[in-house]
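First the structure, in the form of structure tokens, and then the observations on it.
Position 1 is the first residue of the sequence; numbering continues from there. Only heavy atoms go into these numbers, but all of them, side chains included; no hydrogens, no water, no symmetry mates. We count ligands from 1, going down the list as the structure has it; atoms in each ligand are counted the same way.
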Amino acid sequence: MQRTARLKPLAALLLSASLLTGVAHAQLSPAPAASANAPAGTTAEARKANIVIIGTGGTIAGAGAAATNTAAYQSAVVPVDKIIASVPEISKIANVKGEQVFQIGSESFNNERLIKLAKRVSELLKQPDVDGIVITHGTDTIEETAYFLNLTLKSDKPVVVVGSMRPGTALGADGALNLYDAVLVASNPASKGKGTLVVLNDEIQTGRDVTKTNTFKVETFRSPFGPLGYVVEGRTLYFRLPARPHTTQTEFDIDKIDKLPEVAVVYAYGNMNPAAIDAAVKSGAKAIIFDATGNGSVGDYMVEPLKAARAKGVFIVRASRTGSGVVIRNGEQPDDKYDWIVTDDQIAQKARILMALALTKTNDPKALQEIFWKY
Ligand code: GLU
């Protein structure tokens, strides 16, 4: 009896706390006309945004055998509708509809899948009753998909790619909050015209710059320039804008792209084997991103194989395996003399995307170089 009596106030406290949380969510919910950084409740509007959540797989759709399996589990098994249903708070902030496009680990994305996904997103963005898109995606290659969409979609409407580092079955699972935050960001008109965004771990990143930096930690996504903003307590807070052209500002249009040329990435290391260059050429690569050491340095024994590849018509693009910084044209190597290209600051996996798109437009090495400096 005594116990029950003591529990009662606690239960009441918990109830009122949950009610308070509900009220807070309602007040903080974004409305289509709300400014991103406006204090909660000042710009409320009745209409909820219509968001399509496209499922493609990854850990956010993963399940482990035990709650302690935070890093060992099966990815890409939970259907997108089930993921959405597991976060009922989402229905308070947006009208959402799930659509399963793939159920794969993101390492299995190839050009065909990338194009298929982007075309579907483009189609949905044209619908007047769609305000924004969220894509659930494996974290391994989220940065490549986001960059591709960032360069090829022709719409200002928000597109947010989201994943998680732990499956929903794990202790400390991060997918539910990441998905909630992604829907918040996609629903917020302040996210319009900012290019394709990536939301994880309370942060909003630009698809251009973000990259995965850790194999298991929830704090894995980073940009050398920092995030564009935060998502906190139901608020979307922007602090920066993307400086490079994206979406509607680019010359690449997914509706006009059905195939991408083959672009290979060759990683440089001490005692590397030049046969990797020959293999890329023989396989039909139109360009090789040479993921070089330091500022795009090329070992003395690698210069001739790269020049030979260029002589066969294959474009050579110097990148840096350091992960950040710009590769200086005519710095470590005489690019003008060899007719090579530098990536600017793009890491190899993003340079591959940009080069493949650039090659759909031009075969002029000078124009290709300009494209790297532009995007
Ligand atoms: N390798 C899987 C993928 O990228 C799981 C990793 C993750 O999503 O965090 O889809």
Side-chain angles (χ1 to χ4, degrees), residues 53-84 86-87 98-118 120-121 133-150 159-183 185-186 196-207 209-223 227 231 265 267 323 347-350 352-353:
I53 303 183
I54 294 180
T56 72
T59 296
I60 196 162
T68 46
N69 289 131
T70 55
Y73 51 83
Q74 204 181 343
S75 80
V77 287
V78 183
V80 70
D81 283 333
K82 214 169 157 196
I83 302 172
I84 297 168
S86 71
V87 195
E99 181 175 318
Q100 196 80 50
V101 172
F102 301 119
Q103 188 62 294
I104 57 172
S106 68
E107 60 279 2
S108 299
F109 264 90
N110 54 17
N111 288 349
E112 289 68 40
R113 286 174 167 156
L114 201 51
I115 289 170
K116 185 179 170 187
L117 174 67
R120 181 60 187 144
V121 173
I133 308 277
V134 168
I135 302 164
T136 60
H137 198 290
T139 58
D140 285 14
T141 64
I142 231 174
E143 64 207 70
E144 292 174 50
T145 297
Y147 188 42
F148 184 71
L149 298 173
N150 191 59
V159 175
V160 179
V161 195
V162 64
S164 75
M165 290 302 289
R166 296 173 180 157
T169 47
L171 292 172
D174 54 334
L177 182 60
N178 287 348
L179 185 61
Y180 180 79
D181 287 350
V183 173
V185 172
T196 303
L197 304 167
V198 172
V199 170
L200 275 102
N201 198 39
D202 311 323
E203 292 180 333
I204 310 164
Q205 305 273 1
T206 159
D209 302 326
V210 73
T211 186
K212 186 175 183 178
T213 65
N214 187 281
T215 57
F216 73 96
K217 288 169 69 173
V218 293
E219 189 193 21
T220 181
F221 281 93
R222 300 238 171 114
S223 148
V231 194
V265 176
Y267 192 82
I347 53 176
Q349 59 268 39
K350 296 201 189 224
R352 179 193 78 84
I353 301 268

Parallel, tilted or perpendicular, judged at 30° and 60°: which one describes the rings of His137 and Phe109?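 The arrangement is parallel - the two ring planes meet at less than 30°.
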
Decide yes or no on side chain to side chain donor-acceptor pair (under 3.5 Å) for Thr59 and Tyr73, but give the supporting numbers first. CA-CA 8 Å; Thr59 296; Tyr73 51 83; 2.5 Å; yes

Is there a side chain to side chain donor-acceptor pair (under 3.5 Å) between Thr220 and Lys212 once you walk through the steps? CA-CA 5 Å; Thr220 181; Lys212 186 175 183 178; 5.7 Å; no

When you measure from atom 5 (C) of ligand 1 to every protein heavy atom, which one gives the shortest distance, and what is it?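 Among all protein heavy atoms, the one nearest atom 5 (C) of ligand 1 is Thr59 OG1, 3.1 Å.
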
So for ligand 1, is [X] a polar contact partner (N or O within less than 3.5 Å, distance only)?
X: Ser106; result: yes
X: Thr139; result: yes
X: Ser75; result: no

Are Gln205 and Ser223 close enough, and set up right, to give a side chain to side chain donor-acceptor pair (under 3.5 Å), and what steps lead you there? CA-CA 7 Å; Gln205 305 273 1; Ser223 148; 4.6 Å; no

Ligand 1 versus Ser164: contacting region, heavy-atom distance under 4.0 Å: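 Just the backbone.
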
At a 4.0 Å cut-off, with the gap strictly under it, does some heavy atom of Gly62 reach an atom of ligand 1?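 Checking ligand 1 against Gly62, which is what was asked, there is no heavy-atom contact under 4.0 Å.
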
Carefully, step by step, assess Val161 and Thr196 under the rule side chain to side chain contact (heavy atoms under 4.5 Å, CB included). CA-CA 7 Å; Val161 195; Thr196 303; 3.8 Å; yes

State the atoms of ligand 1, each with its element, that fall below the 4.0 Å cut-off from a heavy-atom position in Glu107.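 Listed by number with element, the hits are 1 (N), 2 (C), 3 (C), 4 (O), 10 (O).
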
Which pairs of donor and acceptor atoms, one on a side chain in residues 170-178, lie under 3.5 Å apart (sequence neighbours left out)?
{"residue": "Asp174", "atom": "OD1", "partner": "Met165", "partner atom": "N", "Å": "3.3"}
{"residue": "Asp174", "atom": "OD1", "partner": "Arg166", "partner atom": "N", "Å": "2.9"}
{"residue": "Asp174", "atom": "OD2", "partner": "Met165", "partner atom": "N", "Å": "2.9"}
{"residue": "Asn178", "atom": "OD1", "partner": "Asn201", "partner atom": "N", "Å": "3.1"}
{"residue": "Asn178", "atom": "ND2", "partner": "Gly163", "partner atom": "O", "Å": "3.0"}
{"residue": "Asn178", "atom": "ND2", "partner": "Asp174", "partner atom": "O", "Å": "3.3"}

